[in-house]
Structures are given as C-alpha cells and as structure tokens.
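Working notes, beginning with the structure itself.
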Amino acid sequence: MNGTIARLVVGRLAVGVITLLIVSLVVFLLTSLLPGDAVQEMLGQEATPEAVAALRAQLGLDQPVYLRYLHWLGGLLSGSPGVSMVNGMPVDQLIASRLPNTLSLAAITALVSVPVALTIGIVSAMYRGSKFDRYSNMLTVFAVSVPEFLIATIAVLIFAVKLGWLSALSRSVEVHSFGELVRVYAMPVLTLCCVLIAQMARMTRAAVIDQLSSPYVEMAVLKGARPIRVVLRHALPNAIGPIANAVALSLSYLLGGVVIVESIFNYPGIATLIVNGVITRDMPLVQACVMLFCLGFLMLVLLADLCAILSNPRLRK
Amino acid sequence: MTDNKKIPGTQLISGEQSQRIFEGLNRGMSRRDALFMLGLAGIAAAGAGSLFGPGGQLLAAGTASEGSVKGKRGGRIKVASATSSTADTLDPAKGSNYTDYCRHNMFYNGLTSLDEQLAPSMALAESFDTSDAMTWNIKLRKDVVFHDGKPMTSADVVYSLTRHKLPQVGSKALSTAQQFEEVKASGPHEVQIRLVSPNADLPAILGTTHFLILRDGTSDFAIANGTGPFTCAEFQPGVRSIAKRNENYWKAGLPYLDEIEFFSIPDESARISALLAGDVDLINPVSPRSVSRLKSDSNVNLMESLTGGYTNLVMRDELGPVQNPDFVLAMKYLLDRKQINRVAFRGYGAIANDQPIAASNRYFAADIPQRDFDPDKAKFHLKKSGMTGRALPLVASEAATGSQDIAQLLQLSGQQIGLKLDIKRVPADGYWSNHWMKHPLGFGSVNARPTADLMFSLFFQSTATMNESGWNNPRFDELLLAARGETDAAKRKQMYAEMQMLVHEHCGVGIPQFSSSLDGHNAKLKGLRPHPLGGLMGYMFAEHVWLDA
C-alpha cells in the first residue's frame, strides 16, 4: 500500500511540474497579448517614445517574448521569481508580505466552514426529506446564489455601521488577543463561509445520499445497525473521496479567488496583489502569483486524492 | 517673501471671488447679477493691486490665509483614498495618482507650494528672481533639515530637479523637465535655473508634487527621506503608509497631527461604510450617488472642492467626418450642460464653456459668453456640415468619469436634430492606451493642472502628444509661447483670454463642466478647505488638518 501511495505521489508531482510549466507558458503568452505593457502603464500620459524605449530597455521588455520567458524560467529555477517591474521590489518579498494574511484567512475560514458544512451535509442526508433537510437545502441554494459583495456589504452595514460591534476594515497586523481576532476576522470569514459552506454541504449531502441508496447500506440497515452507525461507519468512508474533492476545490478558491472580500474589507492578501499585477502589467508578479495558485490547487487536489485512496481500499491496488 | 518683486502676475479677480460668482450662477443667479459682482470684484481688486504698486505682488497671498485658524496639536487619523496598488511609490517623480501625491506632500516639500488660487507661494525657496523669465535665481531657506538630520542645500535641489531628465528615472514630469536647460548651484543656498525658452510660470510648476525636493543622491525609495511635515514610519506599496510628526519641521507649529495612517479602500461603498463606522476619518472621493448616505449621519461632513478638471467630448480633427468646423459647433451646442451636471454629476461641479480654464484660475476669461444648449443652432450647424442623418459611433467608458451618461444625453439630443450617435461602451482597463484619442468621437478626462500654461500646452498645443482633438491653430500656438514668456501680468491675462476664446470657438473639444471632488470626513476633523487642484485639499491636507477632540 505504501508503495502505491509513494508511486502515486511521485507521479502526481511529476505531472504537477509539467502542469505548472504549461500554465506558466500559457499565462506568459496570454499576458503578453494584453494591450499595453508595464512601461506604458507606468508612464501613462507622459509616454513619449524615447522615455518608453529607455524604460523598456531598462526592464528588459525590449527582448522578444520567448527570451523573456526563458529568462524568467531560468530565474525561477534558480530560486528567484524576479523583481517587480513596477516598484523594483523582489517579487518573493512582495508575496511574502501578503501570503501569511491570505493563509491565515484561508485557515480560519476552513476551520469554521469545513466542520459546519460536513455536519449540515451529513445530517440533511440522514434525514432526507425532513424539515431540516428542506430548509437547509433552501438556505444553501440561497447562500450560493447571493453574490459575495452583497453579503459583505450588508454585513458591514449591519455589524459595523449600525451596531458598531465590528470594524469595517480587517487588518491582520493588529491582532493581539482572541477578542481582536474575532473583531478582525468575523466578517470576512462570515462572508466567505456563506459561499463555501453552501457548496460543500450540498456536495457532502449528495455524496452521502448516493452511498445510502446502495445495497450494502440496505444490508446494514436490515442487519439492525442504528442509523448513526450506518451513516458514520458504513456510508461515510465510501463518500470521503467525493467529499474530499469538494472540500479541496472549495478551499483552493480561498487561495486566490477572494478579491472581492479582500477589497471590501481592505485586507491585504494575495488576490489583490495579482489584480494589481495585471492592471499594472507587472508580469513577474502576475507569473509568480499564478504559479503559487496553481501549486496550491495541485497540492489540495493531491491531498484530496490521497484521502480518497486511504479511505477506500479498492483504490489502493 | 517680500523681496521678489519680479514675479509676474496679478489678480484682477481673485479665484475665490470668481468661484463664488460661478457657484452663484449654478444656483440660478442671473447673468446680470454675476456681471455686477464681477464688476465690483474688479474694482476691489484694482484697489488692492494699488497697495502693492505697479508690478503686482502676488506671492504673499498664501501665508495670509494660513494664519487665520490655529489648530490643536495631537491626535492620529486614518485616511482612505480609492486608488492604490503595488505601483504606489515614494518617488515624487513617479507619482501617478492622488494617493501618491498626498503621500509625497506628507514627506517632502517643494520649492514653492500652490495656494488656493493656484498662485505659487514660497516653501523651501525664499525667493525666485528673474528679469527675462529665462534665467531664474532661487534663494533657499537655510533652516531646513531632512528627516535624517542633513541640512538642505542647493545640491539637493539640483539633484532633485535634474533627475527628471534621465530616462531611466521614468519621471512623469519628463516633458516639463525638458524645459530646464541647466540647473546649477550658484552658492550653498542658491540655485540658478536656465530655461530653454522663457516661462514665467516656473515658480508654479516647481510647486507640483513631481518636483518635490529629495536629498542629494537618493535612489532607494523604500522609505522617504524628505523635509516634509511628517516622517515615514512605514510604507508598503498597495497596503499603507504611516506618517509620524516631524518634530524638526521648519514651519513653526506645524503639523498638528501626531500620526496619519494612509491607505486605500477601492470599493466605494466599503469606503463610505468605513467612514460611517468611524474606522477612518477622511475619505476621497465620495461619489455624488453616495452623498445621501453621508448626510444621514451628523458625525460626518462633506466637503466639495471645485477643481479645474473635466470630462470632455473629443472630436479628432484629422479623423474623417468630424474635421468639419460646423460639425464641431453643432456638437458643442448639443451639450446640455445643465442636464449633464444634474444627471451625470448630481449637481456637483460647475458649468464650463468649452475651454479648459476654470473660474477659480486667475487667468479665467469671464467675458466669453456662456454657450448653452441650443438644438436649433446645433441643427443649423449640423445641416451646414452636411452630416444630417448620418450615424456616427461615440466611444464612452467608465475610465472617463461620467462619459457614459454624457454620451446618452448627447444621443438623445442628437435624435432631436437628426444625428444618430451609436454609443460604443469600452472597458476602463486599457482605455487610455487603446481608445483615448483614437476615435473620431470619444471622451477624455483631464485632471486639474496647476497653471493655465500647462493646461494649454499639454492638451491644446498643436505639437502636444496629448493634443486630444489634434487641433492645429497657429495663432493659438503663437500666443501660447508669447504668454509663457510674458512677465507683464495684464498682457498675459489678455493673451490667455484670447486663447480661451480660440479654444471655445474652434477647438474640437467640448467641455460641458468642471468636476468637483468630494471629501467625506469625521466632523471632528478641522482645517480642511477646498482647493482647485483636487480633493483632499489639493493633496495637501496632511500639514493643515487637525483634530478637535
């Protein structure tokens, strides 16, 4: 079994590296198709031909695309993702200043949302057709359909403006105590949870229900097992695969897709960094961020697959 | 302050007076009342002028208004702007938006600063002397030290001004700096600037943020080392800056505040919520749509700054059908300025007259008759141009504030006179490089510039890269150069008046209104005043505001 997993991990990592390469190439090509480059964005209305040429030469933008790509790739392999074209700071430093914020927001959101979502999903699957199931179904559809910015804005209006309980802005730098942690993270986490819990709960419910309708569960029921045992002991282990995948997909969104939450709560994370990068055409920054998202995504999916394999002996062959 | 008699310029009508008149006009004051007020103002100004004798003394104006209110010391505030990215910089030469400008004014000083009539008042310089507007001798203050303790000398000024011409600096003021033939130290506290051609506006130009003074040799901008009212305690591009009071500031008693945290909240509604929740003390901009939210709360106030910036209709001269002067006139008569002001800007801003000099400017020509919405005249000119019944694309974008509303209003009025305008909405991203000035009919958006000369030479001179309409008027170009070197203020005003008239009559640019910038602030924050350069007190709030705890 260990051999299988090791082989799988190695194989996956190899595929991951190739995926990263392809993604980097595609992103590089796509971003070079964007109108304007960093120099034009920087100089704006002062972009005289001489000034543009001089700055391009300085930043290496006068080279053809493939040379720039190889140069960037070489830098990445030797451990340096380059220097921001816009402010001259090393890209890794820029990312390092934001990554902890993104990770802590993601971690707290995951800690809150995953248990809640799994509980809702399993309970509503166990009592399919009950009032709880119907209401939780309705609520989750509602939560998935309402856009984040609306939830965030309404939360700010109620909790910060009207009631004054929470701060309208989130600043990870100011956290010293648990009370402050709640004050800072309550609203962004609440907003993100609305979307994530709904998605994960629905996937969990579907996966568990799928198992509950299979013959072996019927067998367990006939054998006289209590419902809770049927679900937790018999059905759930078989449902872990799809659930882990749903969780992984949802969580990967927390790594780079939370632009709206970051900008509404003024939370300095990675998502705004990449948006900045695209707007200013800061290619090294965009590339590094995309690589990071891609890597995070691959790791999460790999973990989900490992979970599925470990929980399901049939996949371990 | 008093020994610089050679500074040209006079104020027949002060900016404040004309602004009052202009606001009056907006409120529905009749033209006759306005003319009466203008007449009175003229007489008053003539009287005031005589106090200084011939030659006009202008530069004292800035300090008079500063001393009137004395603020309280202490306190810290949080300020939120709307734009911020990793491109935020502490290099004044690279400053590209008002977030940068505000930050630079916290940490640095210029040789001059622009007062509320956009006239230069002395800052790090003690005096500017010239006889021909070509060679300028500048005396510097001797009591100024940088944040790191080094006293300011002429070497710092020479370094700060000459670096703009180096292409690798990437200065936003490169084209302006091309005017400097030579900048050299003529003594430890004296600098001589020789220009390529005469420019009587040099003191005003050097009051803009790009020309703020750095320490000699500065090339690392991770932290700011200037002479300004605040020292830079923290700076993270795209995140925030923290400014702490400079205890050794050369202006006695300033600044008032201990600390300013400055960052941006791009989302409009989040910005307003943060102000209402008391998490920030000052925000800019407030869109006119959100004004009612602020007015419902007595703890926050709103301040309108009438600026010289505008969103304008651009009719490119060399691009096909719109090169016809009658078509241009038809479009200008088709701009329903009052409705544009009401619909697109919710009544904020001031009606403009198809020329770029705002009423607050000392060179504003008040005697050009206001062009009003006139479908009959528009129809007449359209017919004359032979364009009746033709369909034309009109490109609008969110990037040019209000242009989509203006385009719709134009489309509606166009239907009345048999002109079909197809509105093409294009995304804001990349608008300035891909669409601006590239279509026969489109929109531009221009921020207030500190001098009439800059406004004209950047956007209307035939050779300017940003000559939006591709206008080529030899008389205008000739006047522009003559006025730039003219040291006699009255003659200069006359030339600028004629240039305003030329633009108003002939140029393919329709300017429906000058825009306002709205600041929202905590009612405890005092000392904030409107400034024609823009919101946040013309980006200079840091030094002037104080907390009334």
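To find a chain, count down the sequence lines: A is the first, B the second, and so on, and within it residues start at 1. Note that these values count all heavy atoms, side chains included, but never hydrogens, waters or copies made by symmetry. Remember, it's a predicted structure, so these values are computed and weren't measured experimentally.
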Quick one: are the ring centres of B:Tyr539 and B:His104 less than 6.0 Å apart?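 Here the rings of B:His104 and B:Tyr539 have centres that are no less than 6.0 Å from each other.
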Open item on the list: Between B:Phe443 and B:His435 (judged by ring centroids, cut-off 6.0 Å), do the two rings come close enough to count as a pair?
Closed with: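 Judged by ring-centre distance (under 6.0 Å), B:Phe443 and B:His435 do not meet the cut-off.
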- With a 4.5 angstrom heavy-atom cut-off, which part of B:Thr89 approaches chain A: side chain, backbone, both or neither?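 Answer is neither: B:Thr89 stays 4.5 Å or more from chain A.
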Given that the side chain runs from C-beta out, which part of [X] has a heavy atom under 4.5 Å from chain B: side chain, backbone, both or neither?
| X | result |
| --- | --- |
| A:Val161 | both |
| A:Leu285 | side chain |
| A:Ser84 | neither |
| A:Leu157 | side chain |

(Q) Could you tell me if A:Glu262 and A:Thr272 have a donor-acceptor pair between their side chains, going purely by distance under 3.5 Å? (A)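 There is such a pair (donor and acceptor under 3.5 Å, judged by atom type) between the side chains of A:Thr272 and A:Glu262.
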So, B:Thr99 versus B:Thr83: side-chain donor-acceptor pair below 3.5 Å or not?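 Judged by distance alone, the side chains do pair up.
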query: Can A:Val195 and A:Val144 be said to form a side chain to side chain contact (heavy atoms under 4.5 Å, CB included), step by step?
result: CA-CA 5 Å; A:Val195 181; A:Val144 166; 5.7 Å; no
